[in-house]
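Comments concern the structure below.
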Amino acid sequence: MKRLSRLRRHRAAGPILLVFALFTIGTTFQVASAVSNTTTTAADRSATIEEGKQLFLKGCSSCHGLNAEGGGIAPSLIGVGAASVDFQVGTGRMPMADMSTQAVRKKVVYTPEEINALATYVASLADGPAVPTDAVLNYERDGSVAQGGELFRTNCAMCHNFAAQGGALTQGKYAPTLMGVEPKQIYEAMITGPQSMPVFSDKTITPAEKLSIIKWIKAAEKEPQLGGTALGRVGPVTEGLLVWTLGIGLLIGVAVWLAMKAR
Amino acid sequence: MSNEIELIKDPGLPAHVHRRADDDEKYAKRAETQVSILFLLSAFGTVLTIVSYVFIPTDKFIFIPVMGETNAEQLLLGLGMAIALFCIGAGAIHWAKTLMPDNEVIAERHEFRSEDEDRAEFVKTVKAGASAAGLGRRPLIKRSLGLALGLSGLTPLLLLRDLGPLPKENLQKTSWKAGTRLVTDPGDRPIKPADLEVGAVAQTLPELAPGEERTLNNIGKDAVLLIRLRPEDFNLDAERLSWTHEGIIAFSKICSHMGCAVALYEQQTKHLLCPCHQSTFDVTRAAKVIFGPAARPLPQLAITVDADGYLVAKQPFTEPVGPSFWERSS
Amino acid sequence: MTARERIAGNVAGYVDDRTGAAKWMKKNLTKVFPDHWSFLLGEICLYSFIILLASGTFLTFWFDPSQREVIYDGGYQPLSGLKMSAAYASTLHLSFEVRGGLLMRQIHHWAALIFMVGIVVHLLRVYFTGAFRKPREFNWIIGVGLLTLGIVEGFLGYSLPDDLLSGTGIRIAEAIIQALPVVGSYIAFFAFGGAFPGEAFIPRIYTVHVLLLPGIFLALITVHLMLVWYQKHTQFPGPGRTEKNVVGYPLMPIYMAKAGGFFFIVFGVTAFLGAVASINPIWLYGPYTPGQISAGSQPDWYMGWLDGLVRMSPPIETHAFGHTISWNILIPGLILPGIMFTLLALYPFIESWATGDKREHHLLDRPRNAPNRTALGAMALTFTLVGLLNGGNDIIATTFHLTINQMMWFSRIGIVVLPPIAFVITKRLCLSLQRADRELVLHGRETGRLVRLPHGEFVEVHEPLSPEKAWTLTAHEQLAPLELPEFDGAGVRRAGAIKNKIRNRISRATAVAVPKATESERRELEGHH
């Protein structure tokens with residue numbers, strides 16, 4: 001104890017004690033606040049899940065089942081992940097308007113918060129691809145447009161056409177146009193494989209490569225008319241149509257005028 | 001009244017109807033002005049072309065309704081040319097129609113057939129020529145000439161022989177060997193089974209040995225599509241099932257019909273569609289043709305994993321890939 | 001004599017001293033051409049051909065027909081740094097770094113499409129008006145040759161830039177060659193200098209595209225035009241027009257101005273299309289590699305019907321004795337087109353055999369007055385059109401919310417069912433149009449004015465037809481069917497009995513017509529009123 005009292009009387013004792021006290025208070029506060037933060041997030045999350053569950057029961061369960069286990073007409077959602085929900089509901093494909101050949105892109109029914117709640121609920125059922133964050137989606141910085149084009153032509157053009165305008169699949173299904181689709185949704189489609197579309201795994205097409213694909217699609221979308229009106233960018237069919245209508249039409253029109261007797 | 005049927009008669013060429021410009025100098029003057037305006041418009045078109053070529057930078061874009069953001073140089077250069085050419089034509093035609101005489105003229109046709117005498121003369125000349133040459137009397141000459149001419153026709157065919165090598169085994173074989181790794185196209189990364197989720201596809205090529213270059217000829221035969229299904233989705237015989245690995249199945253991407261790349265995979269129906277001629281293949285039944293003109297399934301590549309856990313070919317393709325050819329045995 | 005006239009006279013004299021051209025020119029400068037808009041369709045082809053020669057020459061100055069691999073370092077960013085062939089890279093260079101290069105490329109491609117449209121509509125005009133009849137059968141055959149070569153030439157041009165779309169086209173062409181029995185793989189290896197795609201094909205087809213075929217075109221077009229010139233143009237029936245004359249305008253100056261002007265019109269319209277409408281945007285297709293494909297890969301329209309036939313073909317292959325025959329490629333890709341073009345080329349002879357008509361014809365038929373021919377034409381056209389529709393079935397399906405499977409089945413059934421239906425409908429339509437003509441000549445034009453007769457009946461006033469119009473509607477001949485003997489005098493079947501029987505049958509079908517109105521009938525009707 002003597003030793004302690006001697007230290008206590010040391011002239012540096014005051015300042016050291018002060019620093020120590022401040023440090024302790026600070027750390028304690030930090031830890032305390034951190035603890036309280038995690039508890040609130042967990043609470044929020046379970047609240048979100050609950051909200052999502054309620055939305056799900058109201059809007060989705062009639063087809064996908066009360067526990068998202070799927071039914072005769074709709075697939076199970078266990079393990080599809082938040083990305084899948086965000087894509088399907090965020091593009092308005094879900095809820096489906098009618099049981100036709102495939103869900104179509106239409107007006108979005110839910111608010112972003114509701115979509116988040118639904119996605120969180122479905123993600124809570126089993127692990128699955130998460131919604132990519134804005135930090136991940138920095139395709140302008142991380143993508144290469146030329147590499148993206150090459151990847152697009154190898155992996156995407158066979159369905160979505162060389163200029164991402166969409167194309168026909170079997171039995172009336174189709175690959176939609178990618179013009180005007182948000183980068184996040186393109187990314188989600190690649191990792192979740194919605195409807196007819198297959199999944200493009202992160203190992204076979206790396207996240208960086210996916211960003212390149214998005215960058216190329218965006219470049220194609222923004223590309224101005226280099227050679228005049230684009231005729232839908234679907235290849236020779238519309239070109240043939242134009243030459244059989246406007247082209248030969250103009251020429252025959254002039255020929256008729258040429259052979260008409262002047263008054 | 002006679003029973004002869006009387007046909008409607010040809011009233012003959014109608015009298016020439018005068019145009020306004022024929023009778024009224026005012027109209028003629030107006031037509032002259034119109035023609036000149038067209039020619040002047042054409043001159044303006046050429047000026048527009050020159051100005052566009054010289055002064056508009058190639059990266060200048062302007063917004064045109066209907067067309068959108070359009071390259072200004074390309075558009076104005078073309079429109080200038082179009083105006084210049086079209087107006088010369090329109091001016092010339094308008095000139096011809098309004099100011100040049102428009103009286104219709106009748107020309108008589110002559111018979112093409114030669115006079116009988118000429119025909120007879122012709123036959124005689126040919127016969128005389130032939131007999132002077134003695135073609136009929138000297139069969140040896142006729143036959144040997146025929147032989148010589150016929151044979152000489154072979155020379156150009158012979159010379160074309162070196163256009164290309166003989167096919168030999170080329171159409172039968174691909175680069176795939178037992179143990180060749182499947183790598184991503186593009187990217188050339190080897191693939192582990194775990195890299196592919198159920199419902200995933202991957203475009204692959206055989207791994208290159210160090211220093212090897214991949215040519216388009218290789219890709220044209222070697223391209224392979226990997227698809228992962230749930231193993232219970234397969235409807236395969238035991239052998240074909242053993243060619244898959246953990247639900248991953250590999251097919252040649254070169255269509256068995258006309259060689260287009262078949263990579264249009266529908267995850268839900270598990271069908272592969274060729275966008276060229278719409279042959280549809282059922283992946284669960286070893287790419288059996290279920291629609292369209294293709295007559296054969298896509299060749300399946302047997303796969304397994306190597307010691308490092310990467311996907312490799314178990315054996316080469318057991319049949320030629322791509323479109324049919326005469327020497328193909330099945 | 002003015003100074004200018006003197007100089008012109010001297011030049012003309014100088015030339016004539018050495019060629020004697022004056023005599024020929026004197027006669028031909030006043031050559032008469034009948035005026036009708038449909039007689040300009042062939043000119044559209046001629047002028048597009050000239051445009052193709054001019055614009056094509058321009059393109060060759062920059063285009064590098066080589067499949068050597070290069071790394072792209074040009075101005076089009078989305079392809080920067082990619083491997084591609086020199087052919088593709090030089091086409092990009094031509095499009096983006098040569099001022100007016102893209103315009104010329106587009107003019108060249110639009111001119112090619114117009115050239116082919118021109119050939120087809122010209123052919124239809126010649127067919128449906130019977131202009132192919134004696135003495136013009138040779139020219140018809142040359143025309144069919146030009147059509148065939150045009151398809152080949154167009155396909156080669158489409159293949160040259162070595163983009164993903166054109167490479168896919170070559171891939172399919174290679175598959176067709178490879179499918180030939182016995183020699184297929186050999187010919188394919190010779191043509192491609194080895195396996196597909198190799199590095200030899202584009203340089204080779206380049207020579208064919210810019211030298212060999214244009215040379216043949218030039219020769220055939222020259223002969224085609226010389227025959228038109230020499231045989232004089234056909235004309236539609238009308239007052240004062242007979243089999244023995246030709247009514248129209250003299251070459252100098254009217255036809256020169258009109259035809260010369262029309263050249264500039266065709267060039268102007270082509271330039272307009274080149275300016276405003278993008279065609280074959282190869283930079284979007286990307287460089288060719290056999291591992292890639294785009295949805296909606298189509299050929300240009302003049303090949304579209306062939307592609308459509310290939311698509312709808314049933315999946316038949318024969319495997320026997322260690323060999324394969326691909327009927328699914330051979331039938332739609334070679335056999336059917338072969339039959340179609342052979343029948344097309346031989347049609348003038350078939351018709352004259354069936355009708356027994358061996359006379360010269362310079363007056364054209366109105367299509368309705370040759371119902372059988374018109375119906376056959378409609379039938380062939382329907383066949384080709386079903387093929388063409390199926391060639392674009394994927395684009396049509398997505399545009400009109402159909403399925404490619406429905407389109408395919410529609411085509412598979414339609415290609416068999418629709419042509420005969422088209423035949424029947426067209427033939428009936430022709431006959432009712434003939435009936436309408438007859439009514440018109442006998443009763444005159446309905447004026448729509450009603451008049452009340454003294455006894456209370458209302459009748460519509462008919463205005464009598466002008467003599468010119470009446471003549472135009474009745475100038476055509478109506479041939480009686482052939483009556484070839486099947487039995488000889490003793491009632492025994494003759495040697496050619498079956499042939500004669502067939503000819504009689506066809507001839508009877510060809511001769512079906514509504515009797516045309518005659519002056520006698522008109523007079524009789526007048527007597528009744």
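Labels below follow one simple rule: chain letters A, B, ... track the order of the sequence lines, proteins then strands, and each chain is numbered from 1. Computed from heavy atoms alone, side chains included, the values below leave out hydrogens, waters and symmetry copies.
The candidate with the highest count of non-hydrogen atom pairs below 4.5 Å against chain A, out of C/Gly392, C/Ala277, C/Gly296, is C/Ala277. Interface remark: of the candidates C/Ile404, C/Thr398, C/Ile279, C/Asp300, C/Ile279 forms the most heavy-atom pairs closer than 4.5 Å to chain A. Comparing C/Leu273, C/Val266, C/Ile265, C/Asp394 by heavy-atom pairs within less than 4.5 Å of chain A, the highest count is held by C/Ile265. No other option in A/Leu241, A/Leu246, A/Leu226 has as many heavy-atom pairs under 4.5 Å with chain C as A/Leu226. Highest contact tally toward chain C, considering only A/Val256, A/Val145, A/Val243, is held by A/Val243 [criterion: heavy-atom pairs under 4.5 Å].
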Kindly determine whether C/Leu165 and A/Phe162 satisfy side-chain contact (heavy atoms from CB on, under 4.5 Å), including the steps that lead there. CA-CA 9 Å; C/Leu165 187 62; A/Phe162 58 87; over 6 Å; no
Which is it for C/Val269 and A/Val254 under the side-chain contact (heavy atoms from CB on, under 4.5 Å) test, yes or no, and what are the steps along the way? CA-CA 10 Å; C/Val269 167; A/Val254 175; 5.5 Å; no
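By the 4.5 Å heavy-atom criterion applied to side chains, C/Ile44 and A/Ile248 are counted as neighbours. In this structure, A/Pro236 and C/Trp301 have side chains that are not in contact, with every pair of non-hydrogen atoms separated by 4.5 Å or more. Between C/Leu40 and A/Ile252 there is no side-chain heavy-atom pair separated by less than 4.5 Å. A/Trp244 has its side chain within reach of C/Val120: a pair of non-hydrogen atoms, C-beta onward, lies under 4.5 Å apart. Between A/Met158 and C/Gln292, every side-chain heavy-atom pair lies at or beyond the 4.5 Å cut-off. Residues A/Arg233 and C/Ser278 have side chains not in contact (no heavy-atom distance under 4.5 Å, counting atoms from C-beta outward). C/Trp37 places none of its side-chain heavy atoms less than 4.5 Å from the side chain of A/Met260.
In this structure, the separation between NE2 on C/His36 and CG on A/Leu258 is 12.0 Å, given to the nearest 0.5 Å. Here the CE atom belonging to C/Met408 is positioned 11.0 Å from the OG1 atom belonging to A/Thr170, to the nearest 0.5 angstrom. For the atom pair CH2 (C/Trp110) and CD (A/Glu239), the distance works out to 5.5 Å, reported to the nearest 0.5 Å.
Residue A/Lys261 touches chain C through its side chain alone, counting heavy-atom pairs closer than 4.5 Å. For C/Tyr76, the part sitting under 4.5 Å from any heavy atom of chain A is the side chain, from C-beta outward, and nothing else. Contact annotation for C/Tyr249: only side-chain heavy atoms (C-beta onward) come within less than 4.5 Å of a heavy atom of chain A. Neither the backbone nor the side chain of C/Ile396 comes within less than 4.5 Å of any heavy atom of chain A. The contact between C/Leu402 and chain A is made entirely by backbone atoms, counting heavy-atom distances below 4.5 Å. Only the backbone of A/Leu169 comes within contact range of chain C, with heavy atoms under 4.5 Å apart. Using a 4.5 Å cut-off between heavy atoms, C/Phe96 touches chain A through its side chain atoms alone. Both the backbone and the side chain of C/Leu113 come within less than 4.5 Å of a heavy atom of chain A. Neither the backbone nor the side chain of C/Leu388 comes within contact range of chain A; no heavy atoms are under 4.5 Å apart. Contact of A/Leu251 with chain C is made through backbone and side chain together, with heavy-atom distances under 4.5 Å.
Heavy atoms of other residues, nucleotides or ligands lying less than 6.0 angstrom from CZ of A/Arg263 number 12 at most. When the shell of 6.0 Å around OH of C/Tyr285 is examined, it contains more than 12 heavy atoms from other residues, nucleotides or ligands. Heavy atoms from other residues, nucleotides or ligands lying under 6.0 Å from NZ of A/Lys106 number more than 12.
At least one donor-acceptor pair under 3.5 Å links the side chain of C/Gln106 to the backbone N or O of A/Gly227.
Here the closest heavy-atom approach between residue A/Ala146 and residue C/Ser80 is recorded as CB-O, 3.1 Å. Pairing each heavy atom of A/Cys159 with each of C/Ala295, the nearest pair is O-CB, 3.5 Å. Smallest separation of non-hydrogen atoms from A/Ala163 and C/Leu284: CB-CD1, 4.4 Å.
For the 3.5 Å distance criterion, the side chains of A/Glu223 and C/Trp283 qualify, holding a donor opposite an acceptor. Judged by distance alone, the side chains of A/Gln171 and C/Thr403 never bring a donor and an acceptor atom under 3.5 Å apart.
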